[in-house]
Amino acid sequence: MNSELLGQTWDQLAGKHHEVIQSFYDRLFQYHPHYQVLFSESLDRQREKMLDTIAFIARISDETEVTHPKMVKLGERHNQFQLTVEDLERFKTVFIEILSEYCGKNWTQDHYQAWMDVFDQRVIPKMSEGLKSKKPPLEQELKTISDRISIRNQLFGTVTQIKPRVYEGEVI
């Protein structure tokens, strides 16, 4: 997998990211109208989430200790929709089609292969893992945590190390 090409592709589309994501959803619903019912929440909010996820993938797809758990959690959040690997494959196909159109003459077979690889090696396998999980949805998990922790609570401990990452850090 050529993670450098992922970042280059995404950088090339700077200033058009929102448009790319909008085009993706338009095309997804055109090819697969039955997916529209899955988007009961604001589509604007969903587009922002997808934009963040794609930027995340384009930037740090090689950092598997970060990307793998995040993709599994993404799958867990989607298991309530009873998605399958076939659904994820449809997403990939439409997304790569849109990317190629926006990149135009700068899109090469190498770019195509890099995006296919990241979906086939990182995104789809790990999201599939999450889709099979029996964990409660994230919202339920957060509610459970927030029921136990409030602004009045104090969490005791000593920070011994902070491992910075591109998007997320780890506090030890």
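Residue numbers start at 1 and run along the sequence shown. Since we're looking at a predicted model, the values are computed, not measured.
- Counting non-hydrogen atoms of neighbouring residues, nucleotides and ligands closer than 6.0 angstrom, the CD atom of Q82 reaches no more than 12 such neighbours.
- Remark: Q113 CD to I96 CD1 distance equals 9.0 Å, nearest 0.5 Å.
- The aromatic rings of F95 and F24 lie perpendicular to each other, with more than 60° between the two planes, well past the 30° mark.
- In this structure, a donor-acceptor pair under 3.5 Å is present between the side chains of Q8 and E4.
- The closest side-chain donor-acceptor pair between Q30 and Y25, if any, does not fall under 3.5 angstrom.
- L5 and W10 fall into different hydrophobic clusters, where Ile, Leu, Val, Met, Phe, Trp and Tyr residues are linked whenever their side-chain heavy atoms come under 4.5 Å apart, directly or through other members.
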Requested in this report: Please step through side chain to side chain contact (heavy atoms under 4.5 Å, CB included) for the pair M127 and F119, ending with a clear verdict.
Outcome: CA-CA 10 Å; M127 277 190 73; F119 274 97; over 6 Å; no
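- Residue-environment remark: CZ (F29) exceeds the threshold of 12 foreign heavy atoms within 6.0 Å.
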Requested in this report: Step by step, work out the side chain to side chain contact (heavy atoms under 4.5 Å, CB included) result for F91 and V123.
Outcome: CA-CA 11 Å; F91 172 95; V123 176; 5.9 Å; no
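- Residues I54 and V72 are members of separate hydrophobic clusters, defined by side-chain heavy-atom contacts under 4.5 angstrom among Ile, Leu, Val, Met, Phe, Trp and Tyr.
- Side-chain atoms of D117 and L6, non-hydrogen and from C-beta on, never get closer than 4.5 Å to each other.
- For the pair D87 and R90, the salt-bridge criterion is met [side-chain N within less than 4.0 Å of a carboxylate O].
- Annotation: the span from I21 atom CD1 to I98 atom CD1 amounts to 9.5 Å, rounded to 0.5 Å.
- In this structure, W107 and T9 have side chains that are in contact, with non-hydrogen atoms separated by less than 4.5 Å.
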**Report entry** Working for side chain to side chain contact (heavy atoms under 4.5 Å, CB included), residues C103 and Q12
**Finding:** CA-CA 7 Å; C103 288; Q12 177 186 334; 3.7 Å; yes
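- In this structure, CD in Q22 is found 12.0 Å from CG in L51, a value given to the nearest 0.5 Å.
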Query - Candidate pair R27 and E101, rule salt bridge (charged side-chain N to carboxylate O under 4.0 Å, His left out), full reasoning - result: CA-CA 12 Å; R27 183 83 44 91; E101 289 173 15; 2.9 Å; yes
Requested in this report: Give the intermediate values and the outcome of salt bridge (charged side-chain N to carboxylate O under 4.0 Å, His left out) for residues D120 and K92.
Outcome: CA-CA 9 Å; D120 292 342; K92 171 186 80 173; 2.7 Å; yes
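- Looking at residues two or more places apart in sequence or on another chain, you find a side-chain hydrogen bond (donor to acceptor under 3.5 Å, both in side chains) between Y102 and E19, S23.
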Query raised in the report: Yes or no on side chain to side chain contact (heavy atoms under 4.5 Å, CB included) for L83 and L38, after CA distance, side-chain angles and deciding distance?
Result: CA-CA 10 Å; L83 298 178; L38 300 178; 4.0 Å; yes
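- With sequence neighbours excluded, no residue satisfies side-chain hydrogen bond (donor to acceptor under 3.5 Å, both in side chains) with T53.
- Within the model, atoms NE2 of H17 and CG of D11 stand 7.0 Å from one another, a figure rounded to the nearest 0.5 Å.
- No salt bridge links E48 with R45; every basic N to acidic carboxylate O contact stays at or beyond 4.0 Å.
- The CG atom of N106 sits 7.0 Å away from the NE2 atom of H111 when rounded to the nearest 0.5 Å.
- Between I57 and R122, every side-chain heavy-atom pair lies at or beyond the 4.5 Å cut-off.
- Atoms CD and OH, from E97 and Y112 in turn, are 10.5 Å apart once rounded to the nearest 0.5 Å.
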